[in-house]
Structures are given as C-alpha cells and as structure tokens.
Amino acid sequence: MPRYNPAEIEPRWQRYWEENATFAQQVTAKPEGEKLYALDMFPYPSGDGLHVGHPEGYTATDIVCRAARMQGKAVVHPMGFDAFGLPAEEHAIKTGEHPRVQTEQNIDTFRRQLKSLGFSYDWSREIATTDVDYFRWTQWIFLQIFDTWFDHEQQRGRPIAELVIPDDVKELGEDFARQWVDEQRLAYQSDAPVNWCPALGTVLANEEVIDGKSERGGHPVERRALRQWMMRITAYGDRLENDLEDLDWSHGVKALQRNWIGRSTGAEVDFKIEGREAREAGAFPTKPGPDFIRVYTTRPDTLYGATYMVIAPEHSLVEELTKPENAEAVTAYIQQAGMKSDLDRTELAKEKTGVFTGSYALNPVNGEKVPIWIADYVLATYGTGAIMAVPAHDERDFEFAQQFNIPIKAVVKPADDVPAEEAAKILAGEQVYVAEGVAINSGEFDGLETAQFKEKITESLAARGLAKQAVNYKLRDWLFSRQRFWGEPFPILHELDDAGDKTGHVISVPEDQLPVDLPHLEDFKPHGRAEPPLDKAPDEWLYQEIDGKRYKRETNTMPQWAGSCWYYLRFLDPKNDQAPIDPEIEKAWMPVDLYIGGAEHAVLHLLYARFWHKVLYDRGVVSTPEPFQKLVNQGMILGENNEKMSKSRGNVVNPDDVVSEYGADSLRLYEMFMGPLTDSKPWNMEGVNGVFNFLGRAWRMIVDERAEELQLSEQLTDAEPTEEQLKTLHKTIKAVSEDITKLSFNTAIARMMEFVNFFTKEKTRPRACIEPFVLLLSPYAPHLCEELWYLLGHKETLAYEPWPQHDESVLVESTVEIPVQIGGKVRAKIKVAADADRETIEAAAMAEPKVQEFIAGKNIVKTVVVPGRMVNIVIKS
RNA sequence: GCCGGAGUGGCGGAAUUGGCAGACGCGCUGGAUUCAAAAUCCAGUGAGGGCAACCUCGUGGGGGUUCAAGUCCCCCCUCCGGUACCA
C-alpha cells in the first residue's frame, strides 16, 4: 500500500540533495543571471535545540529561494551560527569543560535539525562566529574601526593617518597628542559602570542582575567603574537615521530605529553662574568654562519661563556650586542617588526628588536670578547633564516645581482650541502646557510663533556667544567590551612601563599576527578580581615583547553582537584567507535582497550591523551604504493557549516531534498556512494534521494508493486538458506566483488546495496540468514534490525546472455573473458578457424578474453600473 | 504616558485596496464505504426567523462620507509588541 510516507521519502531526498550538492551556488564576481541573496537571521545554537519559531522565517526564505532558482536566478542562501554566548561559558564554569565543546555539540544538533527540514541552504558556506578563521576577520574589522575617526564636516569615517592634530594639542607634547588621537577613534576606551558581584567574584551582564541581586545565588551586586571599550556609533546617528528612508523595511521597524536614535534639535545655552565673570561677545566656546553652566534645550523659546536650573547628581560642577550650608544635604542626596540603579531612578521615581545647591545662575535673556538644584530626574548622560527648567511648559519641571514651591511662569499662550477654563489655569501657572503656541511674557519676542521664536532667540544669544544650535541623540555610544571568556579577544596590546603598569598607550596587534586566539585555561572559574577572566591566561599569552617594550594583551572580549555584525558578508566568501570578503564578489552580490528574522532584533542587531557596515563603506571595504535592502520580521508562534511558548508554561512544541509524526513538508506547509508571515499566531496540532491531509490528497491525486506497487493513478492521462481544467491550472499558477513575491504564503497554499480539490473530483487528470502543479508546490513541500516528479518519470531534481508561466488569455472569461443591488442590497444576479457596456448591463438588470419585483411602485433615483462588477439601483419608496 | 501592530464565524484566517463578507483549513453535523473502527469520499455549517422560496441582522463600540464601507474620515474601547524622566 504505497501511502504518502514522509518518513521514507524525506531522508532519501535530503541525501540526494546533499550527495549531488544540489544547492551549492557558485559565487563569483559575475553571477549567471539575476542574483538573489536571501538571508535568515542565523540562530544562537542553544542547548534546547530548534524551536518551532525558527523554521517559520527559514521556510519563508526557502520558498523564495527555491522559486527563484526555478526562475533562473543565481541564489545565495546560507546558514550559520551565532555561537558565542553566556550559557556555554556558564556550563564551562560548572564542568571545567571548554565552552567550545558544548558549543559544537549544540551546533551539530541545530545542523541536523535544520537539515531534517529540507532547507535548500548551501551548506558549503556554513560559518560559526566562534570559528577562529571567522573571528580573525571580526578582529580585523575591529582594527579598521579602531583605525577610523569621524570627520563631522564630511560626515564620514576616515583613516587615523588622515587626522590632523591641532597645533594647540601638539604643543602639549607627544603623549598628550597620542591621547588626543586615541580619543578621536571610533573604538575608544572609557570608564563605564559594570555590575560587579563580590560574592561570585565576577562581573555580571544586566540580564543576570535581578533587583540588585545576582540571578544565581542572590548575592549583592555593586556598580563599579571599569575601563571599557566603546564604539562611537553616535557619530553615525544622522546617517543611520537618514539612510532608513530608502530601505524596504516595515514602517514599524524604521520607527523603532528612529525612536532609538532619538535625534532632537534645539540649542545649547550657557547660563552664567552668579558672581562669576561675564563673557565677552564672540564665538560660542567648545567648553563652557568654569563660570558658566551649559544646558541643552529643545525649547529655547521658553527661556523667559526658566525659573530654576537642574544639574545631574554626577555633574562636574556639583561640588563647586554647593554652598557650605547646603553641603550636608547635597552629600546625602548624592549618596542616595548613587545607590539607586538606573531602574530605580526611572520606574520607581513617581515623586521628584532634589536638593538646592545654594547657588544661582543668571538667565541670559533677562538677567533674572534662578536657583540651581541637583535632581536625579536629570540624566548625566544626555545633553550636557544640566537643564534650564521651565515648569509651565514641561511636565517633569512642573512636577518638580510644585513639589518644591518654585515659581511657575507661563510664556506660551495656549492655542485657541484649549478650553477657556484650562487656558486660565495654564496662564496662572496651575497647569502645564507643553504644546507649541505664541510667545507671551517674553519681552520683545512676544507674539512670535514657537518655531520662529526658537530661531530668533538662538541667533540673538549666539551673537553674544551664549548659545548655538545643537543636535542631540538618545542613542549612546556602544559599550563594546565584556568581562567574559567566551568571546572574541581584542587584537589590542597595552604598553607596560618598567614596573609592569599600563602606560595608557595601546597598539593594535599587527594584521599578520591575526587571529588572536583564546588562551588555554586550566579551568573557567572566576578568579575573584574585578578583571576579565582572561587575566587568568598564562603569561605566554598575556605578555608580548615588541621592539624592547613589554605589552599586555587586552583581556576584555567582544560582545555577542560583534560576530553577527558582518556575517552576511562572510557568507559570500567564507573561505577567503586574504580578506573578509573579495571586493569583486562583494560588489556583485551585496546588498542582501531579503533578510528575515525575529522582531527582537529590530533595534540593536540591525543598528549595530548597519553601523559597522557604514564604517566599512567609508573605509572602502564594501560598496553599498546599507547591508539589508529588504527586511521582514516574522511574527511569533504562540502556544495552543495563545500564550508565549515557554518551558514553564509547558506549551513548547518541538519541531523534531512534528517531523517524526507528520514529516518536514507538513511542518513547513503548516507554518506557512497558519496565517500571514508577519503576524503572531497560535500553534494548533489539528492544523498540522490538516495540511498533512492535503499533502496526502495531492499524493493520491497522482499516485494509485490501492495498487500493490508504487504506480501512477490511472486517472492521470496524457489527454488534452479541458477548458475548465486549463483555467484552474493557470489561475493557480498566477495566484501562487504572485503570492510568493508578496510573501503571502498562506493564500498561495489555499489556492493550491483549491487546485487539488478540483482535480481530485476530475475523472481524468491531464499530465499537462498535474506536472506544473507539482512544480508550484515544490518550494513548500520539496520532498514530496521531488518524489512525485520522479514518479512522473523525471530523472533529475526539479530544483532547476523552469517555473510554470500562466497564460492570461486562458483566464479571460466570456461571460461573468454580477450582482444586482437594490438600495445597496444584493437582490439578484445576472449573467452578462464580460465586456458588456453599461447600457447592456443596465438593460439586463432591469429585465430580471426579481429586480422588477423589487422596484415595482418605487422611484428609481439613479442606477450605478460598474461594468464587469455590479449594478446598484437606488430607489425611493 | 509615548511609539508600532492588531480586533472579521466555535477556532486559524480570506476579501482584487471602496463593489456579492466569511476563500482555504480546522472543528462540528449528516451521509457513503465497513461486520465494526481507522483511513477515505460526498454534502452541510455566521446568527436569528420561516415548511419553503426567502427575509432580517452581522467585520471591537459610537458617529460620519458614499449609490455602495471590513476597507476612507472623526471619537472611544480592548489586546499584543517596544520604550520609558532623553529636557
């Protein structure tokens, strides 16, 4: 009984594809035919194995790729592994086994699972970010970034060699100049706080800290400043934002990125501290100097309403501005603020807190004295770390002013559509008004619109050297180092003095000495010092002597993001040992034409990868300004109960189980049939059974299931198709082909089900209809279709058979049935020639007895006829 | 709070971008086949009313535009995702 048996068919075809290297793609500088680079976000190979969420996006790209090959395109469709990560390191700490061991086991599992689903990956391109041959080039790219500074005038990154050191810097000596240069690099060092856990003797990642305690063991965690590597992604803020425009990405993801970059325009304004030296008119200085506090504001038009100032607790002027009589309160406040985590400072802070310094500043527009406060609602890391507070027109300032009884002065007249009662409250300083409007109480500027006022006031202050236009970003520089073992080592050496201490000079490891591999460690247990684990490395690894100078290797490692920032390039040329990618190949194959993955990477991964890409673009390594032309985020697959799948909920579906029960084709087909790719949707095992039945029906449409031996159904003939059969075929070809370009796989499958429903009922099934159908279905259910194709007498894989073309002329209907509405309700249907004109259709409608019945005794107001569509008779009773 | 996405039968979802709401699948009901079951095949299946032909209502709620609204406009509600004192 030759039933549809995926367990037998699928492994056989998987072997065939592997043995014949069916999907290996020659990637050369001159692709044959149009190129298609379709990329999946490569997975982190966790110990849990593949999740049913993975194959959703993977099947989508696979369908696109399989169809594209049949359409004659040159297709690159690779897969690899983002394999550095915390779990493997934790396992290593526990067991003493090298994290590489477990990582490779996990990769083996993932690879096996992926292969069992029949994806048409070119496995000869497989890479893992943990491969030494791979991270050699991750290190190389780091060195490019390290060797780049950002020229703000030209808005691009340039080699350090082209950086001109200003004379005033040069005068300060070689050491200082060198330090200055280092400060300009896109990869630079800085002190940044980390989560140090003394009990565990290690630094923890943010996600390992819960409520100020370590996730493991619940030990206290302190924030401690540590020397770190940073990447100057903020320099590329404008380009990262502007270049989104031309990308074929969803509106939502673009908005997410814009929001994350958070560009705002406004002004920097200097407020003189009371009793200090005034400034002579001139250019706005780069630094405010000791006599001024610099603030950033997006609303310089509200300057007349600034009734106090706030500096962040970490602001450099805190000590200086604090009067002796306020010192005690200030010290207490700062200590308290320092103990709060970032979270406490935001989420919990319903009530505003702050403390007066005792000092005043002078409002530059009117010379009024404004008190200077310290409050933690002002962030040290944004803008200048200080603000002018305008309580009448800013919600936070309003809350604070109410709390501390600070005057609230309205300087923007509420718009006309604000109710009079509210407007009165606003003018009286009893309610906050943040919208734009017309200036009041602003001296000579009264009556100006917000936008105009902003410009005027900035100009006016700029003329006195007290302000300039300024741009700010929410985006922060990227904290690029991790205190971990299982990551890429930095190709950086620190110069040591005679005493063995770091001099502060760093040099890059010469290119020909890459890669810097990870050292051998006896075990992976924390060493208890607040230094990275690599500090445990043997001296041979740790120390180097070059030209008589001793150096110590950088012992931080790179974050997991690093490897995924450029893997899409390496896939095109994975074995190249001269360069990360051959420039000719890069030119021919980039950008990625279709990139599919989870929405969880909509911000960070995509922003980081775009940033690296832009640096590589500036440095001439790549030829396109953007890496991913089209991006699609698949929706989440939920459990049967409509909740997120998770171990704790016990609703996780394992793809292996689905494959063994129904086969890979059914899993693929089901995931595509569930609903639109981008939607979240719940899993339903009955649904898998449904598509499995469909595949069985397709099988029986072609194969005689009742015969003893495997043979084609007797209903399958070489007869000429009937007109109706041809129509069904071409309708299906058209719909399925169009749906693939729209990534609307669920509807394509529905059309193919209709095809099978139709032909199952046909007594004869012409080969001329059935064979194209097998090709149409093959991207979705490749194993079944290869088998059917073979049974139909073809000896070669169908992977490169020409894609069926539909014939529009077959689809033209001679007559159409259209509805006749009376008063907007369908009352009858008429058959008319497809190309009938209005008059003919109207006459036909009027002649219909049903219509007559309905319009009897009524006035016809008008008749709307849409040829080929419908008739609507509007009546009045 | 803000930003993004979504609300259509018992369920997952279709609907040519303003033109017959509910394609396709699941589930359910009935029938054929069978000693029986599984599998398979056929038919029905938005709700309410009617013996029927048919009628009325119906796309989260309320208003509006239109000959015609799931689709466009205004207001509101709910759910999901992201984000959170960014001056």
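In the text below, chain A, chain B and the rest are named by the order of the sequence lines, each starting its count at 1.
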Problem - Under 4.0 angstrom between A/N633 side-chain N/O and B/G4 OP1 or OP2 - result: no
Practice task
Scan A/R751 against the nucleic acid and name what it touches under 4.0 Å (heavy atoms): base, sugar-phosphate only, or nothing.
Solution key: base
Exercise for the section: Quick one: sort the A/F404 and A/F400 rings into parallel, tilted or perpendicular, breaks at 30° and 60°. Expected result: tilted
Problem - Proximal nucleotide (of B/G12, B/C24, B/A87) relative to the A/E754 side chain - result: B/C24
Practice task
Considering just the side-chain nitrogens and oxygens of A/R869, establish if one lies under 4.0 Å of OP1 or OP2 belonging to B/A68.
Solution key: no
Exercise for the section: Identify whether any heavy atom of A/N757 sits under 4.0 Å from a base atom; if not, whether one sits that close to sugar-phosphate; answer base, sugar-phosphate or nothing. Expected result: sugar-phosphate
Practice task
Write down the distance between CG (A/L604) and P (B/G81), rounded to a whole number of angstrom.
Solution key: 18 Å
Problem - Distance between P atoms of B/A14 and B/G64 (Å, rounded) - result: 31 Å
Completion exercise
Applying the 3.5 Å cut-off to both distances, the Watson-Crick or G-U partner of B/G70 turns out to be none
Handout entry: Nucleotide B/G7, atom C1' - distance to CG of A/N642 in whole Å
Key = 13 Å
Practice task
Tell me whether the centres of the aromatic rings in A/F692 and A/Y4 are closer together than 6.0 Å.
Solution key: yes
Exercise for the section: Look at the side chain of A/R299 and the base of B/A87, then say whether one donor and one acceptor between them are separated by less than 3.5 Å. Expected result: no
Problem - 5'-most by nearest nucleotide on RNA chain B - A/L475 or A/N746 - result: A/N746
Exercise for the section: Would you indicate which nucleotide in B/G25, B/C20, B/C85 comes nearest to any side-chain atom of A/P819? Expected result: B/C20
Exercise for the section: Grab the CE-C1' distance between A/M685 and B/G25 for me, whole Å please. Expected result: 16 Å
Handout entry: Ring geometry between A/F453 and A/Y304 (parallel below 30°, tilted from 30 to 60°, perpendicular above 60°)
Key = tilted
Handout entry: Base paired to B/U33 (Watson-Crick or G-U; both N/O distances under 3.5 angstrom)
Key = none
Problem - Any strand: nucleotide that pairs with B/G4 via Watson-Crick or wobble, under 3.5 Å - result: B/C80
Exercise for the section: Pick base, sugar-phosphate or nothing for A/S264, based on heavy-atom distances below 4.0 Å to the nucleic acid. Expected result: sugar-phosphate
Handout entry: Side-chain N,O (A/R827) to OP1/OP2 (B/C20) below 4.0 Å
Key = no
Problem - Any A/K862 side-chain nitrogen or oxygen under 4.0 Å from OP1 or OP2 of B/C67 - result: yes
Exercise for the section: Could you tell me the separation between the CG atom of A/N872 and the C1' atom of B/A69, rounded to a whole number of Å? Expected result: 13 Å
Practice task
Could you give the distance separating B/U17 and B/G30 at their C1' atoms, to the nearest angstrom?
Solution key: 40 Å
Completion exercise
Regarding the side chain of A/K681, the nearest nucleotide among B/A87, B/G82, B/G12 is B/G12
Handout entry: Side-chain N or O of A/N693 closer than 4.0 Å to phosphate OP1/OP2 of B/U40
Key = yes
Problem - Below 4.0 Å: OP1/OP2 of B/C41 and any side-chain N or O of A/R700 - result: yes
Problem - Watson-Crick/G-U partner (both atom distances under 3.5 Å) of B/G48 - result: B/C55
Practice task
Write down the distance separating the C1' atoms in B/C77 and B/G12, rounded off to the nearest Å.
Solution key: 24 Å
Problem - Below 4.0 Å: OP1/OP2 of B/G19 and any side-chain N or O of A/K829 - result: no
Problem - Assigned partner base of B/A14, Watson-Crick or wobble definition, under 3.5 Å - result: none
Exercise for the section: Using heavy atoms to find the nearest nucleotide of RNA chain B for A/M753 and A/T298 separately, return the residue whose nucleotide is more 5′. Expected result: A/M753
Practice task
Rounded to whole angstrom, note down the C1' distance from B/A6 over to B/C54.
Solution key: 37 Å
